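Chain A is the first sequence line, chain B the second, and so forth, proteins listed ahead of strands; every chain is numbered from 1. Note that the structure is a prediction, hence the values are computed from the model and not measured. Computed over heavy atoms, backbone and side chain alike; hydrogens, waters and symmetry mates excluded.
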Amino acid sequence: MSPLTQTDRTLINRLQDDLPLARRPFADLAKELGLSEDDLLTRIARLKSDGILTRFGPFFDAAEMGGDFCLCAMAVPEHAFDAVLTKVNAHPEVAHNYERTHRLNMWFVLACETPEGITQTADAIEAETGITVFRFPKLQEFFIGFRVAA
Amino acid sequence: MTMDATDRRIVEALQGGLPLVAEPYARVAAELALPEGELIDRLQAMKDSGVIRRIAAAPNHYKLGMTANGMTVWDVADDRLAELGAKIGALPFVTHCYERPRALPDWPYNLFAMVHGSSREEVAEKRAAITDILGDALNGCDILYSTRILKKTGLRLRKRG
């Protein structure tokens with residue numbers, strides 16, 4: 001992975017803002033950053049292949065599509081961790097999953113097309129693994145500031 | 001918003017990301033055999049209704065040097081939660097802040113605040129600032145650092161028929 005230049009950092013920060021819906025969405029951004037459109041696209045592709053950006057595109061809100069999200073957690077024994085992980089991640093409803101320092105050591109978000117999908121998927125994971133899936137749906141959102149300064 | 005079959009095909013086509021080409025919507029429209037204008041109009045309707053939160057990049061915190069990612073969790077007196085949650089959510093270093101249900105006796109915490117930093121010491125300092133704000137409404141707390149990303153794909157619709 002090549003080291004990040006100041007232009008890369010500016011670009012990463014800028015790309016976390018909403019990109020306007022235009023036929024050539026990268027052209028205006030390139031101008032703003034003093035780059036050519038080609039150079040901008042090459043840089044974004046490199047940041048993706050280096051894993052600095054995990055994804056670039058629309059962020060869909062499952063709840064607004066009539067579905068739902070839910071944060072879930074499991075206490076997975078160390079010796080069974082990889083086997084359980086394979087079973088959990090096999091569900092396309094698992095949008096992301098983190099290992100964390102706690103007895104509840106596996107934390108994942110379910111994104112489902114229907115509200116019932118949350119219960120169905122969490123129940124299925126419990127049945128497949130024999131481990132309780134704690135469910136922590138959001139009751140109230142205080143802020144969602146998604147930006148990370150590069 | 002009510003999504004029709006075409007909207008759903010659009011979500012399926014874009015959930016992996018936008019093609020990195022000068023005219024990405026023309027490319028996707030061609031794949032879906034839709035006029036580009038219709039695709040853009042439908043995406044605009046999804047943005048207006050909140051189905052699309054934004055069109056943007058998801059960075060990998062770890063690769064940006066934000067190697068300490070702490071999920072701070074708090075047991076806050078229920079009658080103070082709305083007032084204090086708003087204060088915690090407004091802190092510049094808190095990236096997500098939610099009220100969630102307790103799961104007693106395993107899990108006594110009802111407020112979750114995500115704190116990122118370049119070291120665990122930095123995250124611990126930020127956590128101390130939250131402790132001060134919660135004051136005597138605080139009954140207990142913990143911090144769960146992430147040690148590994150196990151999956152990060154975002155929403156994926158199941159294939160239909």
> Which of the residues B:S49, B:A57, B:G37 is involved in the greatest number of heavy-atom pairs with chain A at under 4.5 angstrom?
Replying inline: B:A57
> For the candidates B:I149, B:L20, B:D142, B:T2, which exhibits the highest count of non-hydrogen atom pairs separated by less than 4.5 Å from chain A?
Replying inline: B:L20
> For A:A45, is it the side chain, the backbone, both, or neither that has a heavy atom closer than 4.5 Å to a heavy atom of chain B?
Replying inline: both
>> Taking every non-hydrogen pair under 4.5 Å, which of B:A22, B:A103, B:G17, B:G50 racks up the most with chain A?
In response: B:A22
> Is any NZ, NE, NH1 or NH2 atom of the basic residue among B:D4 and B:R42 found under 4.0 Å from an Asp or Glu carboxylate oxygen of the other?
Replying inline: yes
> Do A:D8 and A:R46 sit within salt-bridge range, that is, some charged N less than 4.0 Å from a carboxylate O?
Replying inline: yes
> At a heavy-atom separation under 4.5 Å, does A:A22 approach chain B through its side chain, its backbone, both, or neither?
Replying inline: backbone
> Are A:F69 and A:M65 joined in one hydrophobic group, where the rule is that I, L, V, M, F, W and Y side chains link up if heavy atoms are under 4.5 Å apart?
Replying inline: no
>> So for B:M46, is it side chain, backbone, both, or neither that comes closer than 4.5 Å to the heavy atoms of chain A?
In response: side chain
>> Please determine whether a side-chain nitrogen of the Lys or Arg among B:R102 and B:D78 lies less than 4.0 Å from a carboxylate oxygen of the Asp or Glu.
In response: yes
>> Name the residue from A:T42, A:L29, A:T7 that meets the side chain to side chain contact (heavy atoms under 4.5 Å, CB included) definition with A:L35.
In response: A:T7
> Pick from A:A111, A:A62, A:P137: which one has the most heavy-atom pairs with chain B under 4.5 Å?
Replying inline: A:P137
> Between B:W107 and A:H102, what is the ring plane arrangement, given parallel below 30°, perpendicular above 60°, and tilted in between?
Replying inline: perpendicular
>> As an exercise: rank A:G67, A:G51, A:A63, A:G66 by heavy-atom pairs under 4.5 Å with chain B and give me the winner.
In response: A:G51
>> I'd like to verify something: which residue of B:A26, B:G16, B:P24, B:P19 has the highest number of heavy-atom pairs under 4.5 Å with chain A?
In response: B:P24
> With only heavy atoms counted, which part of B:K47 is less than 4.5 Å from chain A, the side chain, the backbone, both or neither?
Replying inline: side chain
> Are A:E141 and A:K138 close enough for a salt bridge, meaning some N to O gap below 4.0 Å?
Replying inline: yes
> So, are A:R14 and A:E32 salt-bridged, with charged N and O less than 4.0 Å apart?
Replying inline: yes
> Looking at B:N69, B:I143, B:L39, B:N110, which one has more heavy-atom pairs under 4.5 Å with chain A than the rest?
Replying inline: B:N69
>> Under 4.5 Å from any heavy atom of chain B, what part of A:L85 do you find: side chain, backbone, both or neither?
In response: side chain
> Salt-bridged, A:D39 to A:R43, with N to O below 4.0 Å?
Replying inline: yes
> What residue in A:M106, A:E93, A:R103 has the most heavy-atom pairs under 4.5 Å with chain B?
Replying inline: A:E93
>> Just so I understand: if I count every heavy-atom pair under 4.5 Å between each of B:I88, B:V21, B:D7 and chain A, which residue has the most?
In response: B:V21
> By a 4.5 Å heavy-atom criterion (distance strictly below it), what part of B:T147 contacts chain A: side chain, backbone, both, or neither?
Replying inline: both
> Taking every heavy-atom pair that is under 4.5 Å apart, which of A:L21, A:D38, A:V109, A:L47 has the most such pairs with chain B?
Replying inline: A:L21
>> Can you tell me which portion of B:Q44 sits under 4.5 Å from chain A's heavy atoms? Options are side chain, backbone, both or neither.
In response: both
> Checking heavy atoms, do the side chain of B:A113, its backbone, both or neither come under 4.5 Å from chain A?
Replying inline: neither
>> Can you see whether A:T10 engages A:N13 through a side-chain donor-acceptor pair at a distance of less than 3.5 angstrom?
In response: no
> What residue, out of A:V88, A:L40, A:L41, has the most heavy-atom pairs lying under 4.5 Å from chain B?
Replying inline: A:L41
> Measuring heavy-atom distances to chain B, does A:F134 have an atom under 4.5 Å in its side chain, in its backbone, in both, or in neither?
Replying inline: side chain
>> Between A:D123 and A:R135, does any NZ, NE, NH1 or NH2 come within less than 4.0 Å of an OD or OE carboxylate oxygen?
In response: yes
>> Which atoms of A:L110 are under 4.5 Å from chain B, going by heavy atoms: the side chain, the backbone, both sets, or neither?
In response: neither
> For the residue pair B:F112 and A:W107, does the interplanar ring angle fall in the parallel (under 30°), tilted (30 to 60°) or perpendicular (over 60°) class?
Replying inline: perpendicular
